[in-house]
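Reading through the structure tokens given below for one structure.
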Amino acid sequence: MRLLFVASEAFPLVKTGGLADVAGALPQALARLGADCRLLLPAYPEALEALGRYRAVASVGDPYGAGQARLLEGRLGDVKTWLIDCPPLYSRIGNPYLDAEGRDWPDNALRFGLLGWVAARLSQPSSPLPWRPDVLHVNDWQAGLAPAYLSAWGGPRPGTVLTIHNIAYQGLFPAETMVALGLPWSMYGIDGLEYWGRISFLKAAISYCDKLTTVSPTYAREIQTSPHGCGLDGLLSKRASDLTGILNGVDYEVWNPEKDPHLAHPYRPGDAASKAANKAAIQAELGLSTSAESPLFVVVSRLNEHKGMDLVLAILPFLLSQGAQLAVLGSGDHALEEGFRAVAAKHPSQVAAVIGYSERMAHRLQAGGDMLLMPSRAEPCGLTQFYAFRYGTVPIVHGTGGLADSVVDVSYDSLQAGAATGFSFGPPTASAFQWAVERALALFRKRATWRRILAAGAAQDFGWDASARKYLNLYSALADR
Ligand code: ADP
Ligand code: GLC
């Protein structure tokens with residue numbers, strides 16, 4: 001099985017969120033299962049630096065008059081990795097999607113158009129490389145034009161799969177962008193790229209891919225309904241027979257508390273003394289009072305309303321009144337950042353806000369926290385709850401998307417069965433959230449019960465193998481058509 005996996009970020013080359021974790025780990029898992037999998041992404045400066053060794057293997061052209069693009073080849077673990085080198089489009093410092101002020105790069109249509117264009121070129125008989133995929137797997141809107149180009153050009157094509165990691169991000173641009181992208185106006189229609197008078201890269205992929213997946217079974221159902229489908233629910237329900245949900249996995253090489261280089265005290269799941277030492281270490285590092293008794297809630301998240309971060313602010317007075325602590329790591333909406341900063345400034349021994357991105361701090365918070373807060377209004381899969389299980393931190397989640405598929409709510413029955421792994425609530429309101437937190441606080445003080453919840457979480461195995469097999473089955477069905 002020859003597979004080309006296309007994404008706009010992949011850990012450890014470049015990461016802004018969970019897509020990078022998936023694109024870093026799934027191709028490796030597929031390669032371990034015997035697939036000849038190649039990874040394609042843009043050559044951002046930080047990705048080139050992280051890749052280390054690479055060489056130019058092909059010139060791929062200049063479809064937009066923005067500059068000649070070449071392919072640089074390196075290796076990530078077991079996977080041959082191709083970075084598209086086109087300095088006028090990619091060689092800039094900062095986030096892959098946003099400038100320093102947090103605005104979309106003005107030429108994102110071309111930057112990610114090129115990603116899809118190159119993926120399509122490499123999938124054609126006239127590819128500049130001697131290798132062609134049986135299946136082309138594109139992720140999210142940034143890679144979404146690849147199947148559209150294949151349809152525009154005609155001729156033999158590989159099987160095509162789109163994975164939707166978050167339907168809220170659709171890659172919308174003015175209709176005239178069709179011209180700059182070299183796409184025919186015949187594709188600007190309700191069955192093609194057109195979306196309310198603009199073009200949508202995500203809709204392009206939904207329209208022109210053979211198979212569609214998303215990252216949890218529950219989210220696959222949710223996005224066929226309004227408002228979860230963010231306007232694409234009708235189209236997705238028409239394609240229901242081609243849409244499946246495959247839960248993400250965890251890279252336990254990266255997220256393993258026993259071998260985690262970021263931790264003050266690496267530990268085996270279940271080692272309460274070392275867990276307590278990590279809690280004391282992070283409390284000290286963040287200037288919180290080093291109290292073993294105070295429950296420490298943690299957040300590792302983009303800070304926006306999708307993630308329900310306003311709900312965390314709403315219940316903060318209650319947390320403070322209970323003598324609890326909160327440590328937040330994240331960045332995003334300015335008002336939310338300021339909101340957390342302000343409470344931290346007022347209550348420095350109880351609340352810490354680390355605004356920014358830090359891989360090290362993400363690991364240390366998972367290790368030091370007692371509970372992880374994820375009140376997401378929508379959550380296609382979510383990965384931090386999986387990490388929390390392994391790190392002995394109990395997730396409190398809104399029961400939606402992948403959170404509904406991975407966290408078993410504490411109830412009398414689930415506790416008796418040893419199945420309870422966290423606290424789940426709904427609807428996504430501050431009062432329902434607070435009630436879940438109250439339930440958690442009551443059990444936190446019952447150590448034997450709490451240990452049962454921790455043990456059930458630690459026993460969960462969300463390794464990539466099972467999910468990678470499901471992707472392989474999907475690819476095989478396509479390649480054998
Ligand atoms: P999403 O992709 O929607 O942001 P996920 O839960 O799937 O949500 O993945 C988030 C990933 O990004 C996790 O690996 C998490 O540890 C990481 N992450 C989120 N915010 C930060 C941050 N501020 N610093 C470091 N890592 C972060
Ligand atoms: C998206 C989703 C998140 C998911 C991640 C990886 O960023 O918001 O829920 O875990 O992609 O699939």
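When a ligand or atom number is given, it counts from 1 through the structure's own listing order. Residue numbers start at 1 and run along the sequence shown. Computation of the quantities below employed the complete heavy-atom set of this structure, encompassing side-chain atoms and omitting hydrogens, waters and symmetry-equivalent molecules.
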Centroid-centroid under 6.0 Å between F112 and W105 rings:
no
Tell me: protein heavy atom nearest atom 1 (C) of ligand 2, and distance?
H165 O, 3.1 Å
Please report which non-hydrogen protein atom sits nearest to atom 3 (C) of ligand 2, along with the residue it belongs to and the distance in Å to one decimal place.
E379 OE2, 3.4 Å
Around R75, counting heavy atoms of other residues, nucleotides and ligands shown, do more than 12 lie under 6.0 Å from its CZ?
yes
Please state whether E9 comes within less than 4.0 angstrom of ligand 2, counting heavy atoms only.
no
Those residues that, when tested against A367, pass side-chain contact (heavy atoms from CB on, under 4.5 Å) (two or more places apart):
L263, Y267, N278, Y391
Is Q385 touching ligand 2 with its side chain, its backbone, both, or neither, if touching means heavy atoms under 4.0 Å apart?
neither
E49: what forms a side-chain contact (heavy atoms from CB on, under 4.5 Å) with it, not counting sequence neighbours?
none
Is the backbone N or O of E305 less than 3.5 Å from a side-chain atom of R377, with the two atoms forming a donor-acceptor pair by type?
yes
Mark up the atoms of ligand 2 that fall under 4.0 Å of a heavy atom belonging to V215, in ascending order.
12 (O)
Does R32 come within less than 4.0 Å of D78, counting only side-chain N to carboxylate O?
no
Nitrogen or oxygen atoms of G18 and ligand 2 under 3.5 Å apart
no
Counting non-hydrogen protein atoms only, what is the nearest one to atom 6 (C) of ligand 2? Give residue, atom name and distance.
N248 ND2, 3.3 Å
Which atoms from ligand 2 have a heavy atom of R302 less than 4.0 Å away?
8 (O)
Give a yes/no on ligand 2: does G17 have at least one heavy atom closer than 4.0 angstrom to it?
no
Nearest 0.5 Å please: distance from the CG atom of L172 over to the CD1 atom of I199.
9.0 Å
D21 side chain to Y387 side chain, donor-acceptor N/O pair below 3.5 angstrom:
yes
Would a 4.5 Å heavy-atom cut-off, applied to side chains only, mark L403 and S376 as touching?
yes
At less than 4.0 angstrom from any non-hydrogen atom of V22, what atoms of ligand 2 do you find?
6 (C), 12 (O)
Show the atom names and distances, to 0.1 Å, of all donor-acceptor pairs under 3.5 Å that link a side chain in residues 330-338 to residues at least two apart or in another chain.
{"unit_1": "E337", "atom_1": "OE2", "unit_2": "G332", "atom_2": "N", "d": "2.8"}
{"unit_1": "E338", "atom_1": "OE2", "unit_2": "R341", "atom_2": "NH1", "d": "2.9"}

Nearest protein heavy-atom contact for atom 4 (C) of ligand 2: which residue, which atom, what distance?
G382 N, 3.7 Å
Is it the case that the side chains of S289 and Q325 hold a donor-acceptor pair, with the cut-off being a distance below 3.5 Å and no angle test?
yes
Filter the ligand 1-protein atom pairs down to N or O on both sides and distance under 3.5 Å, then list them.
{"unit_1": "ligand 1", "atom_1": "2 (O)", "unit_2": "G18", "atom_2": "N", "d": "2.6"}
{"unit_1": "ligand 1", "atom_1": "3 (O)", "unit_2": "R302", "atom_2": "NH2", "d": "2.7"}
{"unit_1": "ligand 1", "atom_1": "3 (O)", "unit_2": "K307", "atom_2": "NZ", "d": "2.7"}
{"unit_1": "ligand 1", "atom_1": "4 (O)", "unit_2": "R302", "atom_2": "NE", "d": "2.8"}
{"unit_1": "ligand 1", "atom_1": "6 (O)", "unit_2": "L383", "atom_2": "N", "d": "2.9"}
{"unit_1": "ligand 1", "atom_1": "7 (O)", "unit_2": "L383", "atom_2": "N", "d": "3.4"}
{"unit_1": "ligand 1", "atom_1": "8 (O)", "unit_2": "K307", "atom_2": "NZ", "d": "3.1"}
{"unit_1": "ligand 1", "atom_1": "9 (O)", "unit_2": "G18", "atom_2": "N", "d": "3.2"}
{"unit_1": "ligand 1", "atom_1": "14 (O)", "unit_2": "K15", "atom_2": "NZ", "d": "2.8"}
{"unit_1": "ligand 1", "atom_1": "14 (O)", "unit_2": "D21", "atom_2": "OD2", "d": "2.6"}
{"unit_1": "ligand 1", "atom_1": "23 (N)", "unit_2": "G356", "atom_2": "O", "d": "2.8"}
{"unit_1": "ligand 1", "atom_1": "24 (N)", "unit_2": "S358", "atom_2": "N", "d": "3.0"}

Examine the proximity of ligand 2 to N166 and report which part, side chain or backbone, both or neither, has a heavy atom under 4.0 Å away.
side chain
Would you find a donor on one side and an acceptor on the other, under 3.5 Å apart, between the side chain of Q170 and the backbone of S200?
no
